[in-house]
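Beneath this line is the structure, given in structure tokens, with notes to follow.
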There are 2 protein chains.
Amino acid sequence: MTLGQKIRELRERNQMLQRELASKLEVGDGYLSKIERDQKILKREHLKTLSIIFKCPLKELEALWIATKIYDIVKYEETGLEALRVAEEQINYNKTYAKI
Amino acid sequence: MTLGQKIRELRERNQMLQRELASKLEVGDGYLSKIERDQKILKREHLKTLSIIFKCPLKELEALWIATKIYDIVKYEETGLEALRVAEEQINYNKTYAKI
DNA sequence: TATATTTGACCTAATTAAGTCAAGTCAATA
DNA sequence: TATTGACTTGACTTAATTAGGTCAAATATA
């Protein structure tokens with residue numbers, strides 16, 4: 001599940017048109033179309049609006065938003081999964097030693 | 001292990017000074033210092049040079065390089081690990097269905 | 001045909017990349 | 001203790017990329 005898929009799902013479940021949601025987010029509908037297809041990524045602040053409109057946990061949307069950014073980095077990488085594993089290791093390391 | 005740590009390790013194992021390695025990479029030594037401390041990230045092309053100088057597998061350096069980029073995204077995120085998991089799911093999904 | 005969505009081309013503003021350089025720190029040493 | 005050599009840091013720069021869109025035309029879809 002990508003963020004775009006999630007947004008479309010939420011929108012359709014609420015029988016909302018792209019035009020309507022776009023206007024609530026104050027963006028053009030062409031742009032929303034691209035967001036739902038993960039061709040563009042929206043501003044993080046928009047997530048709050050979405051979570052309110054659709055009564056959906058913000059944390060969930062944020063995890064998808066971050067994941068999309070990560071995916072953008074690794075999607076064409078052969079070693080993508082391996083890199084993910086290394087990154088996880090780095091997170092856990094810094095959690096343990098609180099180096100930040 | 002981060003890319004910076006790896007580079008420093010390789011450099012020291014080969015008893016090379018920052019100044020020397022920096023000159024091989026054709027960058028300033030201040031810059032290399034930052035790279036070894038993961039304050040800056042070097043150009044991907046430099047990885048090839050490093051792999052030749054230190055006879056180290058390029059793939060390994062690349063995985064670290066990508067991981068560092070990912071880590072930069074999630075390091076301050078509460079939901080970092082969760083997002084990583086979601087990204088992995090997205091990779092596996094697209095591998096399976098070859099949507100790219 | 002009308003309505004909804006997608007696409008491509010385009011744009012500007014903001015951010016990140018990819019550094020430099022000089023001053024400062026830190027440890028060993030003459 | 002003053003000096004030296006290795007490294008670090010902060011402030012700065014410029015070039016490239018990405019963010020965050022718009023709009024009109026093309027395409028579904030009912």
Side-chain angles (χ1 to χ4, degrees), chain A residues 2-50 53 61-62 64-77 83 87 99-100, chain B residues 2-50 53 61-62 64-77 83 87 99-100:
Chain A
T2 67
L3 180 61
Q5 285 164 5
K6 181 73 182 179
I7 292 173
R8 171 158 295 182
E9 187 184 300
L10 288 168
R11 178 177 62 81
E12 290 181 338
R13 194 187 308 169
N14 288 269
Q15 296 147 97
M16 205 179 277
L17 297 177
Q18 277 186 356
R19 187 164 22 84
E20 302 177 79
L21 180 54
S23 116
K24 280 180 200 280
L25 294 174
E26 298 178 282
V27 299
D29 45 342
Y31 187 47
L32 181 58
S33 169
K34 282 170 196 169
I35 284 163
E36 290 190 355
R37 317 179 81 61
D38 295 298
Q39 284 169 21
K40 296 273 180 175
I41 187 146
L42 39 52
K43 264 198 287 196
R44 189 164 192 163
E45 298 89 88
H46 283 320
L47 298 181
K48 213 160 75 189
T49 313
L50 288 173
I53 294 174
L61 296 177
E62 283 181 334
L64 283 166
W65 187 84
I66 299 162
T68 302
K69 298 219 146 211
I70 295 170
Y71 182 67
D72 273 349
I73 292 181
V74 298
K75 62 185 167 195
Y76 302 130
E77 297 291 349
K99 288 183 72 177
I100 305 178
Chain B
T2 66
L3 180 61
Q5 285 164 5
K6 181 73 182 179
I7 292 173
R8 170 157 296 182
E9 187 184 299
L10 289 167
R11 178 176 64 80
E12 289 181 338
R13 196 187 308 170
N14 287 268
Q15 297 147 93
M16 204 180 279
L17 297 178
Q18 277 186 353
R19 187 164 22 86
E20 300 177 80
L21 181 52
S23 116
K24 280 181 201 280
L25 293 173
E26 296 177 285
V27 300
D29 45 342
Y31 188 46
L32 181 58
S33 169
K34 282 170 194 169
I35 284 163
E36 291 189 353
R37 316 180 82 60
D38 295 299
Q39 284 169 19
K40 297 273 180 175
I41 187 146
L42 40 52
K43 265 198 286 196
R44 190 164 191 163
E45 299 89 89
H46 283 320
L47 297 181
K48 213 159 75 190
T49 313
L50 288 173
I53 295 175
L61 296 177
E62 283 181 334
L64 283 167
W65 187 85
I66 298 162
T68 303
K69 297 217 150 217
I70 295 170
Y71 183 67
D72 273 349
I73 292 181
V74 298
K75 61 185 166 193
Y76 301 130
E77 298 290 350
K99 289 183 70 176
I100 305 179

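Only heavy atoms go into these numbers, but all of them, side chains included; no hydrogens, no water, no symmetry mates. This structure is a prediction, so every number in the text was calculated from the model and none was measured.
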inquiry  = Quick one, Leu3(A) and Leu42(A) - any side-chain contact, counting heavy atoms below 4.5 Å?
reply    = yes

task = For dT5(C), take OP1 and OP2 only and decide whether either is under 4.0 Å from a side-chain N or O of Arg11(A).
result = yes

request  = Answer yes or no: is there a donor N or O on one side and an acceptor on the other, between the side chain of Trp65(B) and the main chain of Lys43(B), under 3.5 Å?
outcome  = no

task = Would you state whether a donor and an acceptor, one from the side chain of Lys69(B) and one from the base of dT16(C), lie under 3.5 Å apart?
result = no

query = Closest approach of Ile70(A) and Ile73(B), non-hydrogen atoms and distance?
reply = N-CD1, 4.4 Å

key: Partner of Arg8(B) under side-chain contact (heavy atoms from CB on, under 4.5 Å), chosen from Lys6(B), Glu12(B), Gln5(B)   = Glu12(B)

task = Ignoring backbone atoms, test whether Arg19(A) places a side-chain nitrogen or oxygen under 4.0 Å from the OP1 or OP2 oxygen of dT5(C).
result = no

All N/O donor-acceptor pairs, side-chain side in residues 16-33 of chain B, below 3.5 Å, sequence neighbours left out:
residue  : atom : partner  : partner atom : Å
Gln18(B) : NE2  : Glu36(B) : OE1          : 3.2
Glu20(B) : OE2  : Leu17(B) : N            : 2.8
Tyr31(B) : OH   : Ile41(B) : O            : 3.3

key: Value in whole Å for how far the P atom of dA24(D) lies from CG of Asp29(A)   = 12 Å

inquiry  = With a 4.0 Å limit, can you tell me whether His46(A) has a side-chain N or O closer than that to the phosphate oxygens OP1/OP2 of dG21(D)?
reply    = yes

message = In this structure, how many angstroms lie between the P atom of dA6(D) and the CD atom of Glu12(B), rounded?
response = 13 Å

request  = With a 4.0 Å heavy-atom cut-off, tell me which residues in residues 35-45 of chain A come close to DNA chain C, sorted by residue number.
outcome  = Arg37(A), Gln39(A)

message = So Gly28(A), base contact, sugar-phosphate only, or nothing? Heavy-atom distance under 4.0 Å.
response = sugar-phosphate

key: Rounded distance (Å) that lies between atom P of dA18(C) and atom CG of Leu32(B)   = 15 Å

task = Using a cut-off of strictly less than 4.0 Å, decide whether Arg8(A) has a side-chain nitrogen or oxygen near OP1 or OP2 of dT6(C).
result = yes

query = Does any N or O donor sit under 3.5 Å from an N or O acceptor when you compare the side chain of Lys34(B) with the base of dG10(D)?
reply = yes

Ala83(A) to Ala67(B) - nearest heavy-atom pair and separation = O-CB, 3.4 Å

request  = Send over the distance from Glu20(B) CD to dG5(D) C1', rounded to a whole Å.
outcome  = 12 Å

ask   = Is the shortest side-chain N/O distance from Gln18(B) to OP1 or OP2 of dG5(D) below 4.0 Å?
value = no

